[in-house]
Engineer: 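Below is a structure I'd like to ask you about.
Since the structure is predicted, the reported quantities are computational estimates derived from the model, not experimental observations. Note on naming: letters A, B, ... go to the chains in the order of the sequence lines (proteins, then strands), and numbering restarts at 1 for each one. Hydrogens, waters and symmetry mates play no part in the numbers below; they use all other heavy atoms, side chains included.
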Number of protein chains: 2
Amino acid sequence: MPKGRQDQDLGLVDGLFELSFRLYGMLARIAAEHDLSIIQVRLLGILRDREPGMLELARYLELEKSSLSGLVDRASGRGLVERIPSADDARAATVRVTARGRKLSRVVEEAVNEEVLTLVRVLSKSDQERLATLVAEVVLRGTTGSARAPVR
Amino acid sequence: MPKGRQDQDLGLVDGLFELSFRLYGMLARIAAEHDLSIIQVRLLGILRDREPGMLELARYLELEKSSLSGLVDRASGRGLVERIPSADDARAATVRVTARGRKLSRVVEEAVNEEVLTLVRVLSKSDQERLATLVAEVVLRGTTGSARAPVR
DNA sequence: TATTGTTATACTCTATAACTATA
DNA sequence: TATAGTTATAGAGTATAACAATA
């Protein structure tokens, strides 16, 4: 990454990574305050409006199905999700968020949302909008080496 | 996070997180291609221009000192870093990147850099500059719940 | 006593490989 | 045979608590 031409100029790549680490760290910290990990938060987030099977869930989270078993075990052990046996296929089960999981997910989401908004408050309203537009363009139209599944 | 007013409008918070996850995933993937984890890449990055003690390193990485021991063990086992006993304090040691570690770090850095530049190429040059400016402003002037140490 | 660092232990997260049960 | 999922096993990464050696 470019060395930074001046102290005040991070360079685009460095700036983006610094921002990413910051947001990632923020999410990890807020999640931890509720005894959750980032992956657990993502799991609950996905289940907000879906009731996927294990394989589907593994695809969303880009994990092996065996990793999902443990993840769902731990979440379900804490009463955040439950396995629902499939009616038509005795091998299969779907994963459903519980009321408790949904609530916890919402609390985390609100805390995160609030903190990000505080972070970007150093920008004027119009600059915030400009940033949103630029970021959306990169996210929606930019492609990376691996075409990643949406985070939730 | 806001539900997304329209399909094409992610909203600032969602967009920033989507971008963060994307960059984080990209870094993890490229690191893994070189048998490294993100934390190992960060470790090597910090050592690029420093030879800190274990406690100092723990502060940089925001880890417990005991976590550092294992991290440095594994990196040193692979010949990427070495512990240098301190001359004046027999308890202390500093951590130094080896030539091999430096080289590996550089390769990863270049791959990452290139891929990020490819990603933002959907924006015009002037939009890229605008984005860099806005991001730098947020990163340099925005504050989050925990005042994080610089990533490297 | 305080500081630097390691060790013991335990847990989460992840993968690979082998397995079970059903389709 | 193929598919959905779990289990066995192993390793990285992390924390807390206890420890050793030195200051």
Engineer: Would you say B:T98's side chain and B:L80's backbone share a donor-acceptor pair under 3.5 angstrom?
Structural biologist: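 Checking the backbone N and O of B:L80 against the side chain of B:T98, a donor-acceptor pair under 3.5 Å is found.
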Engineer: Rounded to whole Å, how long is the line connecting atom CG of B:L63 with atom P of D:dA12?
Structural biologist: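 Whole-Å distance recorded here is 16 Å.
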Engineer: Measure CG/A:L71 against C1'/C:dC11 and give the value in whole Å, please.
Structural biologist: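 Atom-to-atom, A:L71 to C:dC11, this comes out as 14 Å.
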Engineer: Whole Å only: how far is the CZ atom of A:R78 from the C1' atom of C:dT12?
Structural biologist: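 That distance rounds to 12 Å.
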Engineer: Tell me: CD of B:E64 to P of C:dC11, nearest whole Å?
Structural biologist: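 So the two atoms are 18 Å apart, to the nearest Å.
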Engineer: Whole angstroms only, please: what is the CG-C1' distance between B:D88 and C:dT3?
Structural biologist: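 Nearest whole value for this atom pair: 14 Å.
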Engineer: To the nearest Å, give me how far apart CD1 (B:I39) and C1' (C:dT14) are.
Structural biologist: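 It is 17 Å, rounded to the nearest whole Å.
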Engineer: Between C:dT6 atom C1' and B:L57 atom CG, what is the distance in whole Å?
Structural biologist: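 To the nearest whole Å, that distance equals 15 Å.
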Engineer: Hey, does B:D35 reach any base, or is it just sugar-phosphate, or nothing, if we go heavy atoms under 4.0 Å?
Structural biologist: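 No contact.
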Engineer: Check this one for me: any side-chain N or O of A:R74 less than 4.0 Å away from OP1 or OP2 of C:dC13?
Structural biologist: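 For C:dC13, OP1/OP2 do have a side-chain N/O of A:R74 under 4.0 Å.
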Engineer: Same cluster or not: are B:L23 and B:L117 linked, directly or through other Ile, Leu, Val, Met, Phe, Trp or Tyr residues, by side-chain heavy atoms under 4.5 angstrom apart?
Structural biologist: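 Looking at the clustering, B:L117 is in the same group as B:L23.
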Engineer: A quick test of your reading: do over 12 heavy atoms of other residues, nucleotides or ligands sit less than 6.0 Å from CD of B:E33?
Structural biologist: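 Yes, CD of B:E33 has more than 12 neighbouring heavy atoms, counting only those of other groups under 6.0 Å.
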Engineer: Which nucleotide sits closest to the side chain of A:Q40: C:dC13, D:dA15, D:dA12?
Structural biologist: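 It is C:dC13.
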Engineer: Strictly under 4.0 angstrom, non-hydrogen atoms only: write out the protein contact profile of nucleotides 3-8 of chain D, one letter per nucleotide from the 5' end, B, S or -.
Structural biologist: BSBBB-
Engineer: How would you list, by chain and number, every residue that makes a side chain to side chain contact (heavy atoms under 4.5 Å, CB included) with B:A93, sequence neighbours excluded?
Structural biologist: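 With sequence neighbours excluded, B:A93 shows a side chain to side chain contact (heavy atoms under 4.5 Å, CB included) to no residue whatsoever.
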Engineer: Can you give me every donor-acceptor pair (side chain of residues 63-77 of chain B, partner residue at least two apart or in another chain, under 3.5 Å) with its distance?
Structural biologist:
{"unit_1": "B:D73", "atom_1": "OD1", "unit_2": "B:R83", "atom_2": "NH1", "d": "3.0"}
{"unit_1": "B:D73", "atom_1": "OD1", "unit_2": "B:R83", "atom_2": "NH2", "d": "3.1"}

Engineer: Taking the six-membered ring of A:Y60, is the NZ or CZ of A:R42 close enough (under 6.0 Å from the centre) and on axis enough (within 45°)?
Structural biologist: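 A:R42 over A:Y60 ring: no.
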Engineer: Nearest whole angstrom, please: distance from the P of C:dT12 to the CG of A:L43.
Structural biologist: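 Distance check: A:L43 CG to C:dT12 P gives 14 Å.
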Engineer: What I want to find out is whether A:R48 reaches A:E109 closely enough, with some N-O distance under 4.0 Å, to be called a salt bridge.
Structural biologist: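 Judged by the 4.0 Å cut-off on N to carboxylate O distance, A:R48 and A:E109 do form a salt bridge.
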